[in-house]
Amino acid sequence: MATERYNPRASEPKWQKAWAEKKLFEARNDDPKPKYYVLEMFPYPSGRIHIGHTRNYTMGDVVARYKRAKGFNVLHPMGWDAFGMPAENAAMQNKVHPKEWTYQNIATMREQLKVMGLSLDWAREFATCDVDYYHRQQMLFLDFVEKGLVTRKSSKVNWDPEDMTVLANEQVIDGRGWRSGALVEQRELTQWFFKITDYAQDLLDSLDGLDEWPEKVKLMQQNWIGRSEGLLIRWPLASDVAGEHELEVYTTRPDTIFGASFMAVAADHPLAKKAAETNPELAKFIDEVRHMGTSVAALETAEKKGFDTGIRVVHPFDDSWTLPVYVANFVLMEYGTGAIFGCPSGDQRDLDFANKYGLPVIPVVMPEGGDAKSFQITEEAYVDDGVMINSRFLDGMKPDRAFDEVAKLLEQKTIGNRPMAERKVNFRLRDWGISRQRYWGCPIPMIHCEDCGVVPVPKADLPVKLPDDVDFDRPGNPLDRHPTWRHVKCPQCGKDARRETDTMDTFVDSSWYFARFTAPWAHEPTDPRAANEWLPVDQYIGGIEHAILHLLYSRFFTRAMRATGHLDLAEPFKGLFTQGMVVHETYRVGGASNNGRWLSPAEVRIEDAEGKRRAIEIATGEEAAIGSLEKMSKSKKNTVSPEDITDGYGADTARWLMLSDSPPEGDVEWTDDGAAGAHRFMQRIWRLVSTAAETLAGVKPATADAGEAGAVSKATHKILKAVGEDIEKLGFNRAIARIYELANVLTTPLNQVAEGKADPALQGACREAVEILVHLIAPVMPHLAEECWETLGGTDLVAERPWPVFDPALVVDNQVTYPVQVNGKKRGDLTIARDADQGAVEKAVLALDFVQKALEGKAPRKVIIVPQRIVNVVA
RNA sequence: GCGGGCGUGGUGAAAUUGGUAUACACACCGGACUUAAAAUCCGGAGGCUUCGGCCAUGCGGGUUCAAGUCCCGCCGCCCGCACCA
């Protein structure tokens, strides 16, 4: 009888080797089985695997192993999102080449992932910094250029003058560069853009069809795309300004046009610039606005300020009505036309502005049933639905009718030789600027020639390889000061020309890697046949932090790849799942204030004193404040590395812990107790199986339908069904609870078997139950499952075996126990044959003691019988 | 400001989507085994109770035979976007 403890450190490598030798996880593109593509967002090789990765990849692996057992040809690949700034920062700080740093990290992290026993197809592995990969990305770029999906235009960027690079908005913290701390400047730079806005409407509409995506993510994308329907109105200028005779304004509320009391334009608006030429005070104001901070805090607290340009416009419906044009600091050049008309009564911001500058406030919408004569707006704008007032021919209409009326009338009027108004759909979504003044990224394959302009690198000359001989002793882009790399002949005229030295945003790399996995050996970016066969990804799993950018870019890229013939679908991810974070409580000595000192979990000892948990710093004996659960971060030192579990308890324990207790979309707390508990359960399974294994050796699995054995079979098949359903729905925590339940149910019978006290029927049922148990734990604890299977005499691997099939006859009971309520409160139970008709159930219920007592001899008012559920007697 | 979500034991959480509230786990308590401890196994447990019951899913109301679940109003927490016209 095997009674030793299960030793994961010995077993896990053994089974990993066995799987690898049989190449069980290598997907073949010509496999006739139905396909299933499961993918976890690939990691950035920062140095070490984080516990969050462990959770993410465990979830994907459970799905992959389950689907494989269900008979699918499963593609479950892994790669590395390997370009990006941290490699360059490391180069600057530690004098190590970004390439060396990156590949070193990849090597480390690959080994860490292998310890996890993930069923990954390592044959398809690649890193986005492989020349082989970015070569294909450059091919795609050129195809996009040819298709008109790429433009080059000037745009405002956050410029870090110290690091001499463009920063993304999220890299600007309180107006300063996140790394250098230098004050960020706004600069106009000519940049490369992908024309994602061409697909704005399609990207919005297609969200509807993504019914396996979280509503939350779809909503976030919808808001990000930000579609609005409005009217473009051309207001005549009272007198021409430097040849201009109109001001174009975009509005979603043309119905409020009679409430207009001023116009406001952005500081960068052409009209503002022209007016400033002759007005030094205005020029000064515009300059001030430009230098205002762009940080969230600055915007929130910034006072609404304006400056009257002296320019006047004429109201489209009243030649005698003129309105002043202000330059205002809250109007954005990037949205609409960079100009608005202000209707103070219907917009809080406009109202504040009007009150500040003494502009008229005319209420134009009032609540239905209100009194038009007395209705006034002073401090709070009225933004709800209602009826039009003070609006001449619009009076009495609802705002949406007034909208149409104004649109209809102004469309017919003309200004210059254009209509005075046009209906226009506006999007918040901007084109995707991909230029980065960095070294460690995919070079943009373009050449600047003085005579020919911007010329694409001929495909035959690809790849444009990053030069290795670069130095990072100075800030800025090393490609810009490389002695030879940037000098090149113009492919068109042959004259000396200059390479584009910008590289692509790393989001480009991650926007098509899922397609590359389908045929990573292909010479073209994709093998369209393979891509169309495997895609869309059936189940994509990753963090919510990518809900907008990565997922939106990938959706755009798939469309662009379709337009250029690389694949033939629009939506890359059929099912999306966003998993929660791994959190841990924090410890801090020296008070909760800012001067406190954070401690790592390893530095504290938890004591239980009179029911209260206390954390004591081991080194000093000082008590530390226990802080809330927070995302693991280096600054708060509440990180736990996967090795903390795998070194002691093994990969299966780590995998089990990551999926236990908490729903996968929510945060999971890492606790020592949890890890110990998961490990205890693993040992318990091993003990259950291994102690019974000898007695069960010659026993044939059999399903029993009666007696003690029948109860075992019944419970086992019910749980088998439930676990399958839970995994399909990614309800891993529920699946695990069911498995605990099965272990609890089997404990007594299996002990009987081990003690030789079981009859043949119970032995057969137990044999079957144990086999099912082993298959049920296999997706989560694959190594233990193999060890158990071997102990039971299995000659093949669980990893290559099919998922067990439950017997439908066993999951329904012949007898049903109805809870019986009287007036909605449970008073007892009724056990009756499953197929008893309503009449029989009612008769039996009314005969029950407690029901008779409650009815006091009277007839019930009503008896509600919900078949297979509940009975309620209304007295 | 706009949009969305959440609130259930000491703790993480279940609840077939309107049908027995608290499955499963952690922690806790008791028992067995042990010289002892660990490990393991068995058992207990929402609160109050006059032992008939009564009260409990953030608070208050409503719909319903029946509400954690649906509706209305509060309170609290979390997330996303944000000067978007």
Side-chain angles (χ1 to χ4, degrees), chain A residues 3 5 214-224 226 228 230-231 249-254 256 263-264 266 292 296 298-300 302-304 328-332 334-343 346-350 352-353 383 426-429 544-545 547-548 608 611-613 629 657 660-663 666-669 671-678 680-681 683-684 687 722 725 731 733-744 747-748 751 817-829 860-875:
Chain A
T3 51
R5 286 167 69 80
E215 285 304 318
K216 182 189 164 85
V217 173
K218 289 196 277 186
L219 223 100
M220 281 162 71
Q221 292 218 353
Q222 194 179 309
N223 292 338
W224 185 265
S228 68
L231 209 58
V249 157
Y250 177 74
T251 180
T252 54
R253 296 292 305 273
T256 65
M263 317 295 287
M292 199 178 63
V296 173
L299 289 178
E300 246 173 24
E303 202 184 341
K304 310 288 173 261
N329 64 352
F330 59 86
V331 180
L332 305 172
E334 295 81 41
Y335 188 79
T337 61
I340 62 161
F341 80 74
C343 173
D347 182 294
Q348 191 59 44
R349 200 188 41 204
D350 293 350
D352 294 344
F353 191 84
V383 294
N426 223 324
F427 293 97
R428 208 193 70 105
L429 183 68
I544 185 77
E545 66 273 18
I548 297 173
D608 212 8
K612 261 190 92 177
R613 290 176 72 248
L629 296 174
L657 173 64
S660 297
D661 295 343
S662 295
D667 294 344
V668 66
E669 186 191 359
T671 62
D672 287 317
D673 285 337
R680 224 164 25 234
F681 182 69
Q683 294 296 352
R684 187 171 155 217
R687 225 168 21 246
E725 287 166 356
N733 56 325
R734 289 194 300 269
I736 281 180
R738 298 287 88 81
I739 294 173
Y740 273 112
E741 219 170 284
L742 181 57
N744 291 345
T747 299
T748 305
N751 284 337
T817 298
Y818 284 97
V820 179
Q821 297 180 331
V822 177
N823 293 332
K825 287 209 167 111
K826 191 193 166 192
R827 296 295 150 169
D829 292 309
R861 287 219 313 233
K862 214 189 231 180
V863 178
I864 290 147
I865 298 162
V866 184
Q868 323 304 329
R869 284 280 160 79
I870 201 164
V871 179
N872 191 8
V873 179
V874 186

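The sequence lines fix the lettering, A, B, ..., with proteins before strands; numbering per chain opens at 1.
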Watson-Crick or G-U pairs under 3.5 Å in RNA chain B, rendered as dot-bracket with [ ] for crossing pairs and | for another strand: (((((((..(((......[....))).(((((.......))))).(((....)))..(((((..]....))))))))))))....

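A sub-4.0 Å separation between OP1 or OP2 of B:C41 and a side-chain N or O of A:Arg687 is present. OP1 or OP2 of B:A85 has not a single side-chain nitrogen or oxygen of A:Arg428 nearer than 4.0 Å. In terms of phosphate contacts, A:Asn744 brings a side-chain nitrogen or oxygen within less than 4.0 Å of OP1 or OP2 of B:A25. Regarding contacts with the backbone of B:C2, every side-chain N or O of A:Asn223 stays at 4.0 angstrom or more from both OP1 and OP2. Considering only side-chain N and O atoms, A:Arg684 lies under 4.0 angstrom from the phosphate OP1 or OP2 of B:C41. For A:Lys825 and B:A67, the shortest distance from a side-chain N or O to OP1 or OP2 is not below 4.0 Å. Residue A:Arg680 places at least one side-chain N or O closer than 4.0 Å to OP1 or OP2 of B:A27.
Comparing the P positions of B:C41 and B:A27 gives a spacing of 13 Å, expressed to the nearest Å.
With B:A13, B:A85, B:C42 as the choices, the nucleotide that has an atom nearest any side-chain atom of A:Tyr335 turns out to be B:A85. Among the nucleotides B:A82, B:U40, B:C65, the one closest to the side chain of A:Trp224 is B:A82.
For A:Asp673 against B:C26, no side-chain N or O and base N or O form a donor-acceptor pair under 3.5 Å. With hydrogens and angles ignored, no donor-acceptor pair under 3.5 angstrom links the side chain of A:Lys862 to the base of B:C65.
Put simply, CD on A:Glu669 and CG on A:Leu657 are 10.0 Å apart, with the number rounded to the nearest 0.5 Å.
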